[in-house]
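So the structure is just underneath, and the comments pick up after that.
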Amino acid sequence: MNTKLGTDPEGKSFKLSSTPELKVGTNGNSTLGNIFTDNTLRAWEPAAATDEANSKIYVEQSNFNNGTANTFTGMFLQVIDNDAKKDDPFNDVYLMADTAYINGMYLNNQNCIKFTKDSIKSAEWQGNNYLNKVKPGRNNHAALFTFEYFASQDSIAIKVFEYNTKQTTAVTKDGKVTFWGGTPVTNANTVVLNKLTSISEITLGDANMSTPKPANIRFTLGEGTTNRKSINNGVYVIKNTKGQYLAVPIYNTKKATSWNAAEWVTIETDAQDALRMPAYQWVAVQRDTLSSGLKEISRMALTNREFENVAKDIQLRKDAGATYFFANEIAGGKDSLIIEAVAPTIIADKELGYLNLDDAELDVMTYNFNYLHAYADDKFIGMMEDSVLNVKDGKYAFYMDEESTEANYGFTTPYVAGLKQLTRVIYTPYVKTVNGNRYIAIDSENRYRMTYNKAEAQKFYLKENNFYKPASKEAAQPYYAFINVTETADSTKMGSADQDLSVILRDQVLEETRTSAFAVVPNDAPLYRRFNTELEGAVEGQEDATKILKFKEFYRGEYLMDENNKKFQDEVVNYAGIERADKATGLSFYVDTVVVKGTAGHEQKPQYFIYVDRVVVDPVPGKECQEGDNHVDANGDPTDAAHCVHATPSKAGFTVAKYMVSFADSLSAKNADELYKFGEYTRVGFVKGLHIGDSLYILTNGFENMEASKLDTAAIRANYKATNNEFNIIDLKAKHTDAHHNYTWSFRYTNPEAAAAVDEDARRFLIESNRGDADIAPSKAAWLKSQNGCLVLSDAATSKFENAKTGGDNALIFNIEVGSENDLATDNEEIATSEVTVIAQQGAVRVANAAGKKVVVTNILGQTVANTVITSSDATIAAPQGVVVVAVEGEEAVKAIVK
């Protein structure tokens with residue numbers, strides 16, 4: 001009984017509850033109450049010697065045996081009340097059948113025996129105390145009780161071994177005259193409930209048990225004076241008073257098939273965080289939850305959150321006055337366990353403990369593996385000359401190939417609210433090169449090296465082992481152990497070799513107690529240029545606003561410009577060119593970000609419009625109806641003044657410009673070889689477009705010739721729909737992804753590692769258009785190049801970045817200069833020289849405010865087109881199509897493009 005049917009091996013007492021419950025007092029149902037449930041009890045087994053640990057007590061066997069020497073039936077029930085006797089069993093009181101009846105109560109026409117608490121006389125023999133006998137007049141066996149458990153009804157029946165009844169003739173017993181004697185009762189000895197109309201009391205009687213069943217009052221076993229405790233179902237970290245955590249460390253992974261894998265682990269608080277590592281967390285679930293009383297003392301099923309086979313049933317305990325718990329099943333001694341709940345946000349994190357990258361980033365992001373070391377935070381996984389990996393001086397940028405979908409691991413249970421099933425992913429790191437992808441492999445010396453053979457590629461789980469803030473970082477970051485995976489089983493781990501000065505990475509057994517860890521950090525070397533610094537004239541707070549820039553070729557010093565070489569010009573198509581500055585009518589371009597959020601590579605590869613001849617049409621605010629107060633909409637329904645049919649709707653502003661484009665999407669058009677190609681290469685030029693919100697309209701069908709302020713997008717959409725030209729309306733939000741486009745441009749650094757320098761010379765770039773083998777950082781792609789002086793795009797199928805970045809493949813490498821609105825390429829509408837104005841027109845130049853002055857017009861070959869003295873303040877001089885130089889007497893010569 002003290003051990004609660006064996007569930008509390010260390011239990012020393014118990015308490016009973018009953019159905020029905022007897023209550024004394026106002027609205028009570030009993031006068032006497034229930035002596036069995038009103039007291040905490042300790043059961044003692046009569047024995048030939050006292051053994052307190054096993055609840056055995058030394059008795060005078062001749063007084064208490066059941067008729068056979070040294071054989072006893074029943075047990076004593078000591079009342080535990082922490083009184084002045086300090087619960088000394090040889091000086092305390094016990095429950096027993098009384099030598100008294102309940103006044104006025106009868107059962108089957110028999111008087112009803114009461115119960116009482118009384119002492120049992122003790123004596124001493126050879127220095128040992130023992131229970132001798134009850135007080136004179138009582139039956140010794142009236143203090144011995146038996147308990148019968150009925151499992152199907154989870155209840156207990158109580159019997160007394162025997163008791164005396166009141167006789168009509170007094171007798172003398174143990175020197176005391178008493179009427180309580182005669183033949184002891186041994187059959188009607190079950191504790192039963194005698195129920196009257198308003199009062200119920202317990203007594204002894206026949207339970208009428210023709211078949212085994214509880215009496216009409218059922219007792220349930222509960223806790224007595226105990227140190228058993230319990231905690232709510234949940235996830236916890238468990239520490240000892242030394243600050244160590246109960247955990248399954250990485251080096252015990254292979255042992256994680258049983259509780260033997262769990263041990264106390266010392267962690268460095270500034271380098272590890274148990275709340276980020278499921279192997280350091282425990283799921284606790286109560287075993288006994290049938291009643292609120294049991295919940296408070298329930299045993300716990302304790303399971304490691306990462307390793308479900310590392311589990312044990314434990315009983316938490318806490319001694320009186322102690323600060324902490326203890327459990328005999330967990331080494332550590334008493335007052336030793338600090339148990340702290342894990343926050344709901346952590347138990348709801350299904351990706352806790354292992355690297356799980358955003359799928360959208362995998363194709364566009366590269367990562368460096370930063371080695372965790374006490375003395376240096378700038379060491380990364382790199383490659384030596386013999387392809388062996390180490391963590392000394394190199395720094396490789398790896399792509400991470402996701403080898404599997406998320407796989408479940410660890411333990412979960414529906415009994416812990418919010419606990420998510422943990423998941424993890426296998427990755428294959430690799431590096432892109434001009435010769436193909438290189439993977440991490442293991443050589444015959446167990447060294448990690450790079451290989452082109454994908455069949456040898458090693459696959460890894462990246463398991464968090466540290467959370468640490470290096471001196472060079474503003475915040476702590478996770479560091480992962482590379483767990484080498486054979487199929488799906490944890491196999492070995494990557495570790496640095498301290499036995500050599502090269503710090504080579506080797507394949508190590510998981511049992512190795514030292515674990516190398518690496519932060520997986522996005523490669524901080526930018527792949528593409530973003531025009532948002534002082535070098536590009538950026539203004540604080542508007543770093544990504546439209547810029548005016550010049551693109552200067554690195555080797556020859558030529559500039560991107562409007563095509564001025566007649567050999568490469570066309571009357572219909574406006575091409576872009578590359579030439580010396582003195583050949584240009586203007587060198588500056590508007591460079592504007594294509595702002596489409598939500599693309600995975602937006603930060604990695606910003607894309608830009610490049611355009612000239614910009615006209616900005618401001619938005620027009622709407623006007624509310626001014627015609628009275630009874631406003632209706634187009635359907636005649638009541639509305640407000642702003643939406644009335646008489647209101648003037650607002651109009652969004654837009655930009656009209658000539659956008660630089662690749663003509664790659666026009667190669668199937670009629671005369672494409674003449675108009676859009678130069679030899680085998682695709683040409684680059686300008687098309688007129690309208691940019692409004694998230695849409696770009698390529699203007700055609702006469703809209704390209706309209707004045708910007710008169711353009712109406714509704715009319716354009718209707719026209720394009722009617723003429724099957726809707727493809728010329730580009731929905732930037734829907735179509736703009738990280739893929740390359742013919743109307744946007746990206747600026748690929750030739751040396752990303754040096755691009756962080758605040759030095760324009762270090763920020764050289766290629767102007768990138770269509771992809772070859774990837775959307776971001778392709779090894780093959782189309783870049784601007786000069787083919788015999790004609791600006792074209794390189795062949796995306798054969799042009800390699802490794803060659804292009806060094807000037808091979810005739811790819812053009814650029815730097816930028818801050819431009820000016822006074823120097824815009826193809827900006828040929830009006831050129832002012834002091835008060836004299838030169839205006840380019842169709843087949844002519846118009847010169848204003850130059851009456852009486854000599855004007856000389858020459859073409860780009862220096863040939864004189866016109867040489868005359870202006871006789872009026874507004875003169876028109878015929879001129880050939882193309883670039884001309886207009887020299888007005890007393891003014892600087894200016895260039896103009898005649899249409």
Quick check: do Ile767 and Phe814 have side-chain heavy atoms less than 4.5 Å from each other? yes
Distance in Å, Tyr720 OH paired with Thr700 OG1, rounded so as to fall on 0.5 Å steps: 5.5 Å
Within the structure provided, determine whether Pro526 and Tyr749 are in side-chain contact (heavy-atom separation under 4.5 Å). yes
What distance separates Lys688 NZ from Met706 CE, expressed to the nearest 0.5 Å? 10.0 Å
Heavy-atom side-chain proximity of Phe554 to Leu812 below 4.5 angstrom: no
Before accepting this row, confirm whether a basic side-chain N of the pair Glu760/Arg529 lies closer than 4.0 Å to the acidic partner's carboxylate O. yes
Hey, is the main chain of Ala538 close enough, under 3.5 Å, to the side chain of Glu536 for a donor-acceptor pair? no
Any Asn728 side-chain heavy atom under 4.5 Å of Tyr697 side chain: no
Evaluate side-chain contact (heavy atoms from CB on, under 4.5 Å) for Asp592 paired with Thr655, printing each intermediate quantity in order. CA-CA 11 Å; Asp592 190 6; Thr655 297; over 6 Å; no
For a quick test of reading the model, state the closest non-hydrogen atom pair linking Asp544 to Asn532 and the distance between them. OD1-CB, 3.6 Å
His646 side chain to His643 main-chain N or O, any donor-acceptor pair under 3.5 Å? no
Any idea which heavy atoms bring Ala634 and Val645 closest together, and the distance? N-CG1, 3.3 Å
Stepwise side-chain contact (heavy atoms from CB on, under 4.5 Å) check, Asp562 with Asn574: CA-CA 8 Å; Asp562 184 52; Asn574 187 188; 2.6 Å; yes
Please round to the nearest 0.5 Å and tell me the distance separating atom CZ of Arg614 and atom CZ of Phe609. 13.5 Å
Looking only at heavy atoms, which two atoms of Tyr528 and Ala777 are closest? And how far apart? OH-N, 3.0 Å
Side-chain (Lys547) to main-chain (Glu543) donor-acceptor, under 3.5 angstrom: yes
Test item: Ser662 side-chain N/O and Leu793 main-chain N/O as donor-acceptor pair under 3.5 Å: no
If every non-hydrogen atom of Ala647 is compared with every non-hydrogen atom of Ala641, which pair is closest and at what distance? CB-O, 3.4 Å
If you measure only the distance, is there a donor-acceptor pair under 3.5 Å linking the side chains of Lys785 and Gln787? yes
Counting only heavy atoms from other residues, nucleotides and ligands, does the tally under 6.0 Å from CD of Glu889 exceed 12? yes
Before you tell me yes or no, could you show the steps for Arg717 and Glu726 under salt bridge (charged side-chain N to carboxylate O under 4.0 Å, His left out), namely the whole-Å CA-CA distance, both residues' side-chain angles and the distance that decides it to 0.1 Å? CA-CA 7 Å; Arg717 286 195 302 271; Glu726 289 178 290; over 6 Å; no
Is Glu579 close to Met561 at the side-chain level, that is, under 4.5 Å between some pair of heavy atoms? yes
Pick one: which of Lys550, Glu817, Arg580 meets side chain to side chain donor-acceptor pair (under 3.5 Å) with Tyr559? Glu817
Please assess Phe551 against Leu784 for the test side-chain contact (heavy atoms from CB on, under 4.5 Å), listing each intermediate value before the final yes or no. CA-CA 12 Å; Phe551 296 93; Leu784 287 187; over 6 Å; no
Taking atom NZ of Lys623 as the centre, does the number of heavy atoms from other residues, nucleotides or ligands within less than 6.0 Å exceed 12? no
Are Glu768 and His740 linked by a side-chain donor-acceptor pair shorter than 3.5 Å? yes
Could you check if a side-chain atom of Met660 sits within less than 4.5 angstrom of a side-chain atom of Tyr743, using non-hydrogen atoms only? no
Does any N or O in the side chain of Glu553 come within less than 3.5 Å of the main-chain N or O of Tyr555, such that one atom is a donor and the other an acceptor? yes
From Asp640 atom CG to Asp633 atom CG, the distance as rounded to the nearest 0.5 Å: 10.0 Å
Please confirm whether the backbone N or O of Glu821 pairs with a side-chain atom of Tyr590, one donor and one acceptor, at under 3.5 Å? no
Straight-line distance of Asn725 CG to Lys721 NZ, nearest 0.5 Å: 14.0 Å
Whether Arg683 engages the ring of Tyr575 as a cation-pi pair (distance to the six-membered ring centre under 6.0 angstrom, angle to the ring normal within 45°) should be assessed. yes
Using the rule given for ring pair (Phe, Tyr, Trp, His ring centres under 6.0 Å), can you reason through His691 versus Phe654, listing the C-alpha separation, both sets of side-chain angles and the distance that settles it, and then say yes or no? CA-CA 6 Å; His691 182 203; Phe654 54 85; over 10 Å; no
Decide if atom CG of Asn630 counts as having more than 12 heavy atoms of other residues, nucleotides or ligands within a radius under 6.0 Å. no
Shortest non-hydrogen contact from Ser794 toward Tyr681: CA-CD2, 4.4 Å
Quick check against the 3.5 Å criterion: does Glu704 have a side-chain atom that pairs as donor or acceptor with the backbone of Gly702? yes
If we ignore hydrogens and angles and just use 3.5 Å, is the side chain of Tyr676 paired with the main-chain N or O of Asp665 as donor and acceptor? no
salt_bridge(Glu558, Arg556) N-O dist < 4.0 Å: yes
Taking the side chain as every heavy atom from C-beta outward, state whether Thr858 and Val884 have any atom pair closer than 4.5 Å. no
Let me know which of Val684, Asn742, Leu675, Val573 forms a side chain to side chain contact (heavy atoms under 4.5 Å, CB included) with Phe663. Val573
Is the shortest side-chain heavy-atom distance between Glu563 and Asn565 below 4.5 Å? yes
Which atom names give the shortest non-hydrogen contact between Ser820 and Ser588, and what distance separates them? N-OG, 3.0 Å
Determine whether a donor-acceptor pair (N or O, by modelled atom type, separation under 3.5 Å) exists between the side chain of Gln626 and the backbone of Glu624. yes
Stepwise, does the ring pair (Phe, Tyr, Trp, His ring centres under 6.0 Å) test hold for Tyr659 with Tyr611? CA-CA 4 Å; Tyr659 289 83; Tyr611 55 80; 5.0 Å; yes
Would you kindly check if the NZ (Lys) or CZ (Arg) of Arg748 is within the cone defined by 45 degrees around the ring axis of Phe765 and under 6.0 Å from the six-membered ring centre? no
Check for a donor-acceptor pair, side chain of Asn564 on one end and backbone N or O of Lys583 on the other, with a separation under 3.5 Å. yes
Could you walk me through whether Val855 and Val886 pass the side-chain contact (heavy atoms from CB on, under 4.5 Å) check? CA-CA 7 Å; Val855 177; Val886 181; 4.0 Å; yes
For Lys651, is the NZ atom crowded, meaning more than 12 foreign heavy atoms sit under 6.0 Å from it? no
Can Phe531 and Phe747 be said to form a ring pair (Phe, Tyr, Trp, His ring centres under 6.0 Å), step by step? CA-CA 9 Å; Phe531 299 128; Phe747 306 94; 4.8 Å; yes
Can you measure from CD1 (Ile548) to CG (Asn822) and round to the nearest 0.5 angstrom? 9.0 Å
